[in-house]
Amino acid sequence: MIKLNINNSGIRDHELSMVQPMVETAYRTLMERTGAGSEMLGWLNLPFEYDKEEFARIKAAAKRIQEQSEVLVSIGIGGSYLGARAGIEFTKGPFANQLTGDGVEVYFAGSNISSDYVQNIFDIIGDRDFSVNVISKSGTTTEPAVAFRLFKEKLEAKYGREGAKSRIYATTDAKKGALRGLAVEEGYETFVVPDATGGRFSCLTAVGLLPMAAAGMDIDQVMQGCADACTKYNNPDLMTNDAMLYAAMRFLMLMKGKSVEILANYEPSLTMFGEWYKQLMAESEGKDGKGLFPVSANFSTDLHSIGQFIQDGSRTMFETVLWVEQSRHDLTVPNDPANVDGLNFAAGRTMQYMNEKAMKGTLLAHVDGGVPNLILTVDRLCDYTFGELVYFFWKSLAISGYMIGVNPFDQPGVEAYKKNMFALLGKPGYEDAKEALEARLSVLD
């Protein structure tokens with residue numbers, strides 16, 4: 001269950017009333033598929049229209065990975081890894097790989113070009129059995145392509161070329177691309193990156209579901225949470241649809257001069273969810289000189305670092321607090337007769353109780369300091385609420401993007417760094433740009 005509390009936002013009723021027609025227009029644009037990027041709305045009814053046959057194959061493949069291997073290396077970048085990692089840590093915590101339970105350890109590669117990072121994964125695997133899930137629509141994205149070459153070589157050295165084939169799972173385009181061609185040639189089991197679902201909306205397709213299932217998540221419950229959210233937010237009334245209301249609040253914050261949204265949490269299990277949120281929001285809205293800059297913060301940890309700036313720095317931000325009502329474990333602060341640390345005032349209190357008081361105390365301090373706050377509450381962290389929360393953010397973001405007048409489903413700015421990198425690496429077709437870029441860089445050296 002998701003609940004949105006706007007009581008500490010500083011937004012008044014008449015302001016919401018004034019933007020209500022705009023929010024409802026954006027909602028209709030989305031639902032009637034008449035807006036920019038409407039060809040990329042495969043996620044909109046995903047929980048009811050997904051490929052059931054492929055879903056069954058995902059579960060079978062996950063079971064096979066668990067039987068064959070102790071480790072799965074998931075290779076992808078951006079939306080091809082963030083959602084799966086967010087889901088695994090959301091439900092199992094930041095130490096998921098040390099507490100695997102009914103799943104395998106899952107490590108993520110292909111999101112950087114660091115040899116030290118890859119070697120660390122090699123060292124963690126050691127002599128243990130492992131499998132690889134390579135995720136790329138084209139198969140030519142540099143970061144995952146480099147990682148796949150390295151892990152494929154490792155698999156073939158350990159199991160032989162034929163043995164490696166049964167341990168490689170390719171999630172890629174249904175019909176075309178370099179990875180699709182290689183998978184067909186080598187005989188890898190394949191899953192589909194849907195054409196109508198962009199990377200940051202893909203974590204509840206095979207892109208994210210296979211690693212999550214291999215890690216031991218119940219993907220039936222994930223999809224049920226997503227389906228229930230889809231039904232719940234299929235409602236055009238601003239004041240009874242929290243996904244619309246959140247979009248309206250974000251728009252009003254932007255209109256009131258806020259340029260930064262901080263998604264703050266009080267559970268380390270939500271750290272990677274914050275990373276997923278940043279990609280979703282930044283790639284969707286950060287274009288045409290518009291959009292809120294998304295930042296995530298992990299409280300109370302970050303209250304001892306960026307907390308000073310939030311409290312007393314420039315008034316450019318607002319906070320959306322992602323609060324979890326129930327912790328998975330109840331730990332109580334013990335009494336100490338010596339009371340050397342002066343903590344006996346909290347003896348007998350649960351850590352969850354103390355965490356809640358920290359959250360409420362911080363909220364009051366930040367609001368008093370001029371930082372508006374929204375509170376987004378989920379009852380617990382589990383497979384179901386992960387699916388529910390993912391859909392909530394998808395729908396809110398799409399409405400918000402249409403409200404500020406951008407196409408929420410493309411990302412033209414992402415290509416700029418790639419073109420420069422390809423030229424500097426000497427990739428065929430980019431030779432003309434290489435000399436000019438090197439001349440510019442020589443001035444900096």
Side-chain angles (χ1 to χ4, degrees), residues 46-47 50-76 79-93 95-110 121 124-125 128-136 144 147-148 151-152 155 158-159 163-172 174 179 183 186-194 197 199 202-227 272 276 381-387 390:
L46 174 69
Y50 64 91
D51 185 335
K52 308 301 190 296
E53 184 275 332
E54 183 180 58
F55 191 79
R57 287 199 302 112
I58 290 169
K59 292 197 286 186
K63 184 177 181 182
R64 191 159 60 252
I65 291 167
Q66 291 166 354
E67 292 169 347
Q68 283 186 326
S69 301
E70 293 180 68
V71 174
L72 172 68
V73 180
S74 178
I75 298 174
S80 294
Y81 98 98
L82 280 168
R85 186 168 179 184
I88 292 168
E89 294 194 15
F90 186 102
T91 57
K92 294 178 173 293
F95 304 112
N97 283 331
Q98 289 75 46
L99 304 166
T100 50
D102 53 356
V104 299
E105 296 174 28
V106 181
Y107 295 95
F108 293 89
I121 299 178
I124 288 168
I125 295 170
R128 295 185 293 169
D129 289 319
F130 73 103
S131 298
V132 166
N133 176 206
V134 55
I135 306 163
S136 175
F148 182 51
F151 282 97
K152 179 172 176 284
L155 279 171
K158 185 176 180 67
Y159 302 105
K165 291 178 182 180
S166 66
R167 293 175 176 273
I168 296 175
Y169 301 84
T171 306
T172 188
L179 182 55
E186 296 291 325
Y188 307 151
E189 182 167 4
T190 60
F191 300 94
V192 175
V193 179
T197 304
S202 69
C203 65
L204 301 189
T205 69
V207 169
L209 291 175
L210 180 56
M212 289 192 287
M217 287 180 64
D218 184 343
I219 60 174
D220 287 302
Q221 279 295 299
V222 172
M223 295 307 289
Q224 187 61 56
C226 184
M272 285 307 303
W276 174 83
L381 298 179
C382 64
D383 302 306
Y384 179 91
T385 53
F386 178 72
V390 162

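Heavy-atom basis, side chains included; hydrogens, waters and symmetry copies ignored. No experiment lies behind these values; they were computed from the predicted model shown.
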Might you work through the side chain to side chain contact (heavy atoms under 4.5 Å, CB included) test for Val73 and Ile125, ending with a clear yes or no? CA-CA 9 Å; Val73 180; Ile125 295 170; 3.8 Å; yes
Side chain to side chain contact (heavy atoms under 4.5 Å, CB included) between Leu204 and Phe386, intermediate numbers included: CA-CA 10 Å; Leu204 301 189; Phe386 178 72; 4.2 Å; yes
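Taking the ring pair (Phe, Tyr, Trp, His ring centres under 6.0 Å) definition, one finds that Tyr107 meets it with nothing, sequence neighbours left out. With sequence neighbours excluded, the residues forming a side-chain hydrogen bond (donor to acceptor under 3.5 Å, both in side chains) with Gln224 are Asp228, listed by chain and number. Qualifying side chain to side chain contact (heavy atoms under 4.5 Å, CB included) partners for Lys165, counting only residues two or more places apart in sequence or in other chains: Arg161, Glu162, Glu186, Tyr188. Residues forming a side-chain hydrogen bond (donor to acceptor under 3.5 Å, both in side chains) with Ser136 (at least two apart in sequence, or on another chain): none. Residues meeting the side chain to side chain contact (heavy atoms under 4.5 Å, CB included) test with Glu53, sequence neighbours left out: Asp51, Arg57. By the side-chain hydrogen bond (donor to acceptor under 3.5 Å, both in side chains) test, Ser74 is found to be paired with no residue, residues two or more places apart in sequence or in another chain being considered. Take Val104 and apply the side chain to side chain contact (heavy atoms under 4.5 Å, CB included) test, not counting sequence neighbours, and it matches Ile65, Gln66, Leu72, Val106, Ala214. Contacts of Arg167 classified as salt bridge (Lys or Arg N to Asp or Glu O under 4.0 Å), with partners at least two apart in sequence or in another chain: none. Scanning for side chain to side chain contact (heavy atoms under 4.5 Å, CB included) contacts around Ala61 gives Arg64, Tyr169, Glu189, Phe191, Leu210, with sequence neighbours left out. Residues satisfying the ring pair (Phe, Tyr, Trp, His ring centres under 6.0 Å) criterion with Phe151, sequence neighbours excluded, are Phe122.
Contact between Trp276 and Cys203 at its shortest, heavy atoms only, is NE1-SG, 4.0 Å.
The side chain to side chain donor-acceptor pair (under 3.5 Å) contacts involving residues 204-220 comprise Lys59-Asp220, where partners must be two or more places apart or lie in separate chains. Applying the salt bridge (charged side-chain N to carboxylate O under 4.0 Å, His left out) definition to pairs two or more places apart or across chains, those involving residues 96-110 are Lys92-Asp102, Glu105-Arg128.
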